[in-house]
Amino acid sequence: MSVRIHARWVTSADEDILEYLRDRDLASPSEITRAIRTPATTRRVRERLRVLSQAEYVAPLDDDYDVYQLTIWGRLYLDGEVRADLLIPEPDPRRPGHVLG
């Protein structure tokens with residue numbers, strides 16, 4: 001296993017979210033909130049899932065963003081095969097969890 005290349009935009013909650021999704025096929029934001037080590041609200045987990053989705057590390061399974069799964073890019077990141085510092089989603093300060101552009 002390679003070492004993960006972190007980036008400033010990746011939070012400890014993001015790491016926990018990705019690791020949780022690696023161990024499950026699908027999960028809802030509320031399920032993830034209850035399971036991860038990092039203290040977070042469901043709202044904060046939803047925001048981070050949107051950022052991770054913009055980075056293509058996770059993908060929502062429906063238009064309501066109620067269920068997410070890990071993508072191949074997310075698996076590659078967790079395995080240390082993708083550098084998070086090469087892709088920088090920029091959170092929109094006016095809309096937490098949404099990315100500019």
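Just so you know, these numbers use all the heavy atoms, side chains as well, and skip hydrogens, waters and symmetry mates.
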Note to self: Nearest 0.5 angstrom please: R48 CZ to W9 CH2, how far?
What the structure shows: 7.0 Å
Check: Among all residues two or more places apart in sequence or in another chain, which pass the side-chain hydrogen bond (donor to acceptor under 3.5 Å, both in side chains) test with Y77?
Finding: H6, E15
Notebook entry, point to check: Any side-chain heavy atom of L49 sitting closer than 4.5 Å to one from Y65?
Noted result: no
Margin query: Tell me the closest heavy-atom pair linking I17 and I36, and the distance in Å.
Written below: N-CG2, 4.1 Å
Checklist line | Heavy-atom closest pair, residues P60 and S53 | finding: CD-OG, 3.6 Å
Check: Counting N and O atoms only, with roles assigned by atom type, does the side chain of T33 sit under 3.5 Å from a partner on the main chain of P29, one being a donor and the other an acceptor?
Finding: yes
Note to self: Under the rule for side-chain hydrogen bond (donor to acceptor under 3.5 Å, both in side chains), what residues qualify as partners of D85, not counting sequence neighbours?
What the structure shows: R83
Checklist line | Non-hydrogen side-chain atoms of D16 and T11 separated by less than 4.5 Å | finding: no
Next item on the list: Starting at CG of D14, measure out to OG of S12 and round the result to the nearest 0.5 Å.
Entry: 8.0 Å
Checklist line | Check: L78 and L70 side chains under 4.5 Å, non-hydrogen atoms | finding: yes
Checklist line | Which residues share a side-chain hydrogen bond (donor to acceptor under 3.5 Å, both in side chains) with E19, sequence neighbours left out | finding: R4
Checklist line | Fellow cluster residues of L26, listed by chain then number, with links counted only when side-chain atoms sit under 4.5 Å apart | finding: L61, V67
Margin query: Between E47 and R50, is the salt bridge (Lys or Arg N to Asp or Glu O under 4.0 Å) condition met? List the steps.
Written below: CA-CA 5 Å; E47 291 170 1; R50 287 185 184 123; over 6 Å; no
Next item on the list: Would you mind listing every salt bridge (charged side-chain N to carboxylate O under 4.0 Å, His left out) that reaches into residues 23-36, with sequence neighbours excluded?
Entry: none
Item checked: Any side-chain heavy-atom pair of Y57 and L21 under 4.5 Å -> no
Note to self: My understanding is that only residues two or more places apart in sequence, or in another chain, count here; which of them pass side chain to side chain contact (heavy atoms under 4.5 Å, CB included) with D63?
What the structure shows: none
Next item on the list: Please check if the side chain of T71 supplies one atom and the backbone of E56 the other of a donor-acceptor pair under 3.5 Å.
Entry: yes
Note to self: Closer than 3.5 angstrom, by distance alone: can the side chain of D64 be matched with the main-chain N or O of D66 as a donor-acceptor pair?
What the structure shows: no
